[in-house]
There are 2 protein chains.
Amino acid sequence: MYQPTVTEENYLKAIYHLSNTGTKSVNTSSIATSMETTAASVTDMLRKLSDKEWINYEKYKGVKITRKGEKVALGIIRKHRLWEVFLTNILEFEWEEVHQMAEELEHVSSEELIKRLDKFLGHPKFDPHGDPIPDQTGKMESHDKFNLSAGEPGEKYIITGVTDHSTLFLKHLRKYGLLPGVTVSIAEIMDYDKSMLVKVSKDKFHLSLEVSKNILIKKYVSSK
Amino acid sequence: MYQPTVTEENYLKAIYHLSNTGTKSVNTSSIATSMETTAASVTDMLRKLSDKEWINYEKYKGVKITRKGEKVALGIIRKHRLWEVFLTNILEFEWEEVHQMAEELEHVSSEELIKRLDKFLGHPKFDPHGDPIPDQTGKMESHDKFNLSAGEPGEKYIITGVTDHSTLFLKHLRKYGLLPGVTVSIAEIMDYDKSMLVKVSKDKFHLSLEVSKNILIKKYVSSK
DNA sequence: TTATAAGTTTAGACAAATCTAAAAATAGTA
DNA sequence: TACTATTTTTAGATTTGTCTAAACTTATAA
Ligand SMILES: [Mn+2]
Ligand SMILES: [Mn+2]
Ligand SMILES: [Mn+2]
Ligand SMILES: [Mn+2]
């Protein structure tokens, strides 16, 4: 049908993310915040996206992404995350460096390019931040993940991702080797401030609640 | 100082190419043709490029690219050609497929990305079409190339590039294995239509003047 | 050398995406 | 319920890059 402009792609991606993976309805001001623009500009754009049937929009009632719109959003997210894998695994960037570049690369339009990139990278299922990569049909691994802050003393977990994607946070975690795939065990949780003492391979260190709340984990299981 | 928009980058690249590698002055209509736009639009843009000191422009007198403008153009050309190498050598696209994708990829802004891509590709000196890749300072291998149509019977040559970059032509050459690096010897040149009989490894075939005029070669030298 | 053709610039308009300020609708609360 | 605060939309501009049509400049050639 229509093909979205770069700006329309960015709006659809933002709306998709704000509606936590495509379900609930999103209001104008939250889109404005996430797009770093004004509510007035968002209203203008919502009308256009609605005309093209990528969202359902009623004045004052918020917006819900349509199946069509979701397809566009997932296509962009797929490209974004595959390029992030390329940048870290092949060009050896650190995980906190790749997001801005991927924001540009995700708009390169060729479907064949992304198909071959996916193949070249070995069909990765997750990006460097632990976020799942949608396949060509939009399907992806589901999150059965929970926060490290909800973990229990004495238990062993595997890091699967983060909820804060800021450069500052990612850089901080990398210093401690706290990356997706790494095993952590909780030695102790302090009653006073809910900070925790964790063990990562040979090292032991202290994580504030601030930090542990933003790390996603799954239970450790010996094989696979 | 300023950083060019995607459109400005495309104009500067076109002007650079039209002035055969940065020397002679270029007129409005040739820019319009190469950008597939109107002379009026070009005039509008020339004013902007001139304000930003990327070109010297005097009304009705044509335009010459400045040192600054040349630097911008060479940066884009470097990115374009490196991405073309990536697409052919790594993602295994054919040489006639890569140009359109490179037209988009060349505008991805990160300098660090292109530095690492260059390194990953092994600092290639030529793109898949035989065009030289400028280094970070804008320097590149010079063309001591000439047309196959000027070659002599009995002589052996190495293909170094093409002057027609159209998909149709590139596809045609690939069918015969006429790619940069390949050795050809001229068996015979027909008096009547200047077509030539050439030998490429075990195969012998006929090339029209139309074709031989668009193939660039250098003399064959046994070593290197 | 003057008429005509070719090339170039200006004038005025438009679409996309944005903004500020003002008006309108909805939500929260006394 | 009625007032106020918050959110959202509209109105009117602005910027970038584009267009057509008209005016202007330069080249060509009788
Ligand atoms: Mn990212
Ligand atoms: Mn990511
Ligand atoms: Mn090209
Ligand atoms: Mn090329």
Side-chain angles (χ1 to χ4, degrees), chain A residues 1-16 18-19 24-65 69 72-73 76 103-104 106-109, chain B residues 1-16 18-19 24-65 69 72-73 76 103-104 106-109:
Chain A
M1 7 241 111
Y2 302 100
Q3 67 188 101
T5 65
V6 168
T7 313
E8 287 168 339
E9 288 182 344
N10 284 331
Y11 270 95
L12 287 171
K13 189 167 55 120
I15 293 166
Y16 177 84
L18 286 168
S19 59
K24 77 166 194 234
S25 132
V26 180
N27 64 339
T28 303
S29 59
S30 62
I31 299 169
T33 305
S34 109
M35 292 292 294
E36 295 182 292
T37 185
T38 61
S41 300
V42 172
T43 303
D44 289 342
M45 182 54 78
L46 293 184
R47 210 180 302 284
K48 282 182 223 169
L49 296 177
S50 182
D51 287 349
K52 293 175 177 167
E53 301 183 303
W54 289 318
I55 58 170
N56 289 316
Y57 169 58
E58 278 180 281
K59 288 203 286 188
Y60 297 103
K61 295 276 175 72
V63 43
K64 228 187 125 330
I65 199 160
V72 174
I76 303 300
E103 286 291 304
E104 293 183 56
E106 72 188 6
H107 301 291
V108 172
S109 62
Chain B
M1 4 234 100
Y2 302 100
Q3 67 189 100
T5 65
V6 167
T7 313
E8 287 168 339
E9 287 181 345
N10 284 331
Y11 269 95
L12 287 171
K13 189 167 55 117
I15 293 166
Y16 177 84
L18 286 167
S19 59
K24 76 165 194 236
S25 132
V26 180
N27 63 338
T28 302
S29 59
S30 62
I31 299 169
T33 305
S34 109
M35 292 293 292
E36 294 181 291
T37 184
T38 62
S41 300
V42 173
T43 303
D44 288 342
M45 182 53 78
L46 292 183
R47 211 180 301 285
K48 282 182 222 167
L49 296 177
S50 181
D51 287 349
K52 292 176 177 165
E53 299 183 305
W54 290 318
I55 58 170
N56 289 317
Y57 169 56
E58 276 180 281
K59 288 202 286 188
Y60 297 102
K61 295 276 175 76
V63 43
K64 229 187 125 330
I65 199 161
V72 175
I76 303 301
E103 286 290 304
E104 293 183 55
E106 71 188 7
H107 302 290
V108 173
S109 62

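None of the values given here were measured: they were computed from a predicted structure.
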Rounded distance in Å - [atom1] ([X]) to [atom2] ([N]):
X: Glu58(B); N: dT25(D); atom1: CD; atom2: C1'; result: 14 Å
X: Leu12(A); N: dA17(C); atom1: CG; atom2: P; result: 12 Å
X: Leu49(B); N: dT9(C); atom1: CG; atom2: P; result: 13 Å
X: Glu9(A); N: dA17(C); atom1: CD; atom2: P; result: 11 Å
X: Asp51(B); N: dT15(D); atom1: CG; atom2: P; result: 14 Å

If I compare all heavy atoms of [X] with all of [Y], which pair ends up nearest, and what's the gap?
X: His107(B); Y: Glu104(A); value: O-OE1, 3.7 Å
X: Ser19(B); Y: Lys24(B); value: CB-O, 3.0 Å
X: Asn10(B); Y: Glu106(B); value: OD1-OE2, 3.4 Å
X: Ala39(B); Y: Thr28(B); value: O-CG2, 3.7 Å

Is the phosphate of [N] approached by [X] (side-chain N or O, under 4.0 Å from OP1 or OP2)?
X: Asn27(B); N: dG7(C); result: no
X: Tyr57(B); N: dT8(C); result: no
X: Lys61(A); N: dT8(D); result: no
X: Arg47(A); N: dT10(D); result: yes

Approximate separation, where rounding is to 0.5 Å, of [X] [atom1] and [Y] [atom2]:
X: Ser41(B); Y: Leu46(B); atom1: OG; atom2: CG; answer: 10.5 Å
X: Ser109(B); Y: Glu103(A); atom1: OG; atom2: CD; answer: 11.5 Å
X: Ile76(B); Y: Leu12(B); atom1: CD1; atom2: CG; answer: 8.5 Å
X: Thr5(A); Y: Tyr11(A); atom1: OG1; atom2: OH; answer: 10.0 Å

* Structure fact -> salt bridge (charged side-chain N to carboxylate O under 4.0 Å, His left out) pairs touching residues 33-51 of chain B, sequence neighbours excluded, are none
Interface polar pairs with nucleotides 16-23 of chain D, N/O, under 3.5 angstrom:
{"residue": "dG17(D)", "atom": "OP1", "partner": "Thr5(B)", "partner atom": "OG1", "Å": "2.8"}
{"residue": "dG17(D)", "atom": "OP2", "partner": "Lys48(B)", "partner atom": "NZ", "Å": "3.3"}
{"residue": "dT18(D)", "atom": "OP2", "partner": "Tyr11(B)", "partner atom": "OH", "Å": "3.4"}
{"residue": "dT18(D)", "atom": "O4", "partner": "Asp44(B)", "partner atom": "OD2", "Å": "3.4"}
{"residue": "dC19(D)", "atom": "OP2", "partner": "Thr37(B)", "partner atom": "OG1", "Å": "2.3"}
{"residue": "dC19(D)", "atom": "OP2", "partner": "Thr38(B)", "partner atom": "N", "Å": "3.4"}
{"residue": "dC19(D)", "atom": "OP2", "partner": "Thr38(B)", "partner atom": "OG1", "Å": "3.3"}
{"residue": "dC19(D)", "atom": "OP2", "partner": "Ser41(B)", "partner atom": "OG", "Å": "2.7"}
{"residue": "dC19(D)", "atom": "N4", "partner": "Asp44(B)", "partner atom": "OD2", "Å": "3.4"}

Tabulate atom names and distances for all N/O pairs under 3.5 angstrom spanning the protein and nucleotides 4-6 of chain C.
none

